[in-house]
Amino acid sequence: MKTQSFTLPVSTSAGEFLAHYSQRGLAGLNFPGRHSSVRAAKPDDGIPAEVSEWHRTTGSALNKLLAGQKQVKFPPLDLAGTDFQKSVWHEMLKIASGKTKSYGEIAEAIGKPGAVRAVGGACGANPIPVFVPCHRVLAANKKIGGFSSGLHWKRRLLESEGIVL
DNA sequence: TCCGTATTGAACT
DNA sequence: AGTTCAATACGGA
């Protein structure tokens with residue numbers, strides 16, 4: 001059987017995000033593209049009820065996060081990656097809103113203090129930015145570092161959470 | 001096996 | 001104070 005995936009648009013104040021769902025949960029999230037018209041599924045056609053519910057939660061969570069809301073409810077996350085990457089992502093999920101950690105802190109937290117750069121790599125491979133708060137991870141001297149989907153977004157998200165650089 | 005990476009800390013100018 | 005350099009861990013080609 002083939003892995004079914006569904007892509008649904010998420011309307012936010014910042015634009016239309018695209019959420020990818022697998023059978024296990026939210027598998028990916030894309031920032032609003034220019035006019036990258038990705039084929040999005042219709043909410044009422046072939047979409048399992050479960051996915052619809054996840055999507056509803058996703059939309060709510062995303063808007064709240066963009067508004068700077070601290071505690072939001074997440075849909076199940078289907079994080080696909082290597083063991084190391086999952087460790088990194090899991091560690092990042094534990095970062096409280098409004099707080100930041102350095103790449104070194106993450107590396108140390110997962111038991112590999114020297115893997116600072118590898119952590120950065122895992123972050124770049126993060127399929128679900130915003131939910132997996134890779135934007136809360138800064139360099140050691142509080143520099144913003146980088147952001148795959150656009151540094152622009154990282155800065156915006158940080159400001160939404162009241163984090164001042 | 002080699003290269004790139006969203007780092008880091010120390011040395012150098 | 002700004003910049004360069006080597007080291008380190010992991011993923012992808």
Side-chain angles (χ1 to χ4, degrees), chain A residues 2-5 7 9-10 12-36 38-39 58-59 61-72 74-165:
Chain A
K2 134 187 352 177
T3 301
Q4 303 250 354
S5 66
T7 300
V10 183
T12 71
S13 56
E16 187 177 77
F17 285 65
L18 289 176
H20 301 280
Y21 298 92
S22 70
Q23 297 174 331
R24 304 179 60 86
L26 179 64
L29 187 66
N30 290 82
F31 285 95
R34 316 272 189 169
H35 45 81
S36 59
V38 178
R39 191 179 304 272
T58 298
L62 197 50
N63 275 290
K64 285 181 180 176
L65 284 173
L66 290 175
Q69 198 81 30
K70 309 262 176 182
Q71 288 187 316
V72 302
F74 287 148
L77 304 181
D78 181 22
L79 293 174
T82 67
D83 206 36
F84 175 79
Q85 290 174 329
K86 281 189 269 191
S87 295
V88 173
W89 298 334
H90 187 75
E91 194 58 39
M92 288 191 292
L93 284 171
K94 297 197 306 189
I95 304 176
S97 177
K99 292 195 171 183
T100 62
K101 259 190 166 186
S102 70
Y103 291 94
E105 291 287 321
I106 296 290
E108 201 172 325
I110 62 176
K112 298 178 187 287
V116 281
R117 299 176 71 178
V119 168
C123 258
N126 171 20
I128 316 178
V130 186
F131 280 19
V132 176
C134 43
H135 58 278
R136 296 197 194 124
V137 183
L138 305 179
N141 49 335
K142 307 291 193 291
K143 278 191 226 168
I144 190 130
F147 202 66
S148 291
S149 302
L151 190 55
H152 164 77
W153 288 109
K154 181 168 183 175
R155 211 169 171 178
R156 177 175 201 146
L157 290 167
L158 288 173
E159 285 193 8
S160 294
E161 297 185 359
I163 298 173
V164 183
L165 302 176

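Here is the naming used below: chain letters follow the sequence lines, and residue numbers restart at 1 for every chain. Not measured: the values here are computed from a predicted model. No hydrogens, no waters, no symmetry mates; every other heavy atom, side chains included, goes into these values.
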For DNA chain C, the dot-bracket pattern of Watson-Crick and G-U pairs whose distances stay under 3.5 Å, | for other-strand partners
|||||||.|||||
Would you mind classifying the nucleic acid contact of [X] as base, sugar-phosphate or nothing, using non-hydrogen atoms under 4.0 angstrom?
X	answer
A:Tyr103	base
A:Gly121	nothing
A:Ala118	base

Step by step, work out the side chain to side chain contact (heavy atoms under 4.5 Å, CB included) result for A:Val137 and A:Lys154.
CA-CA 10 Å; A:Val137 183; A:Lys154 181 168 183 175; 5.5 Å; no
Quick check: closest heavy atoms across A:Thr12 and A:Asn63, and the distance to 0.1 Å?
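The pair with the smallest heavy-atom distance is CA-OD1, 3.4 Å.
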Upstream residue (5' side of DNA chain C) when A:Ala125 and A:Pro113 are each assigned their closest nucleotide:
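With A:Ala125 and A:Pro113 compared, the 5'-side residue is A:Pro113.
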Quick check on DNA chain C: between A:Asp83 and A:Arg117, whose nearest nucleotide comes earlier from the 5' end?
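Between the two, 5'-proximity favours A:Arg117.
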Would you check if [X] and [Y] make a side-chain contact, meaning some heavy-atom pair closer than 4.5 Å?
X	Y	value
A:Leu165	A:Leu138	yes
A:Leu62	A:Phe131	yes
A:His20	A:Ser5	no

Hey, can you tell me if A:Phe17 and A:Phe31 have their rings parallel, tilted or perpendicular (30° and 60° cut-offs)?
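Plane angle between 30° and 60°, so tilted.
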Look at A:Glu91 together with A:Lys94 and state whether they make a salt bridge at an N to O cut-off of under 4.0 Å.
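A salt bridge links A:Glu91 with A:Lys94.
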For A:Ala122, is there any backbone N or O sitting under 3.5 Å from a side-chain donor or acceptor partner on A:Trp89?
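Yes, because the side chain of A:Trp89 sits within donor-acceptor range (under 3.5 Å) of the backbone of A:Ala122.
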Distance check needed: C:dA7 C1' versus A:Lys112 NZ, whole Å only.
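Result: 17 Å.
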First and last nucleotide of DNA chain B in contact with chain A, 5' to 3', at under 4.0 Å to a heavy atom: what are they?
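Here the contact window of chain A covers B:dT5 to B:dG9.
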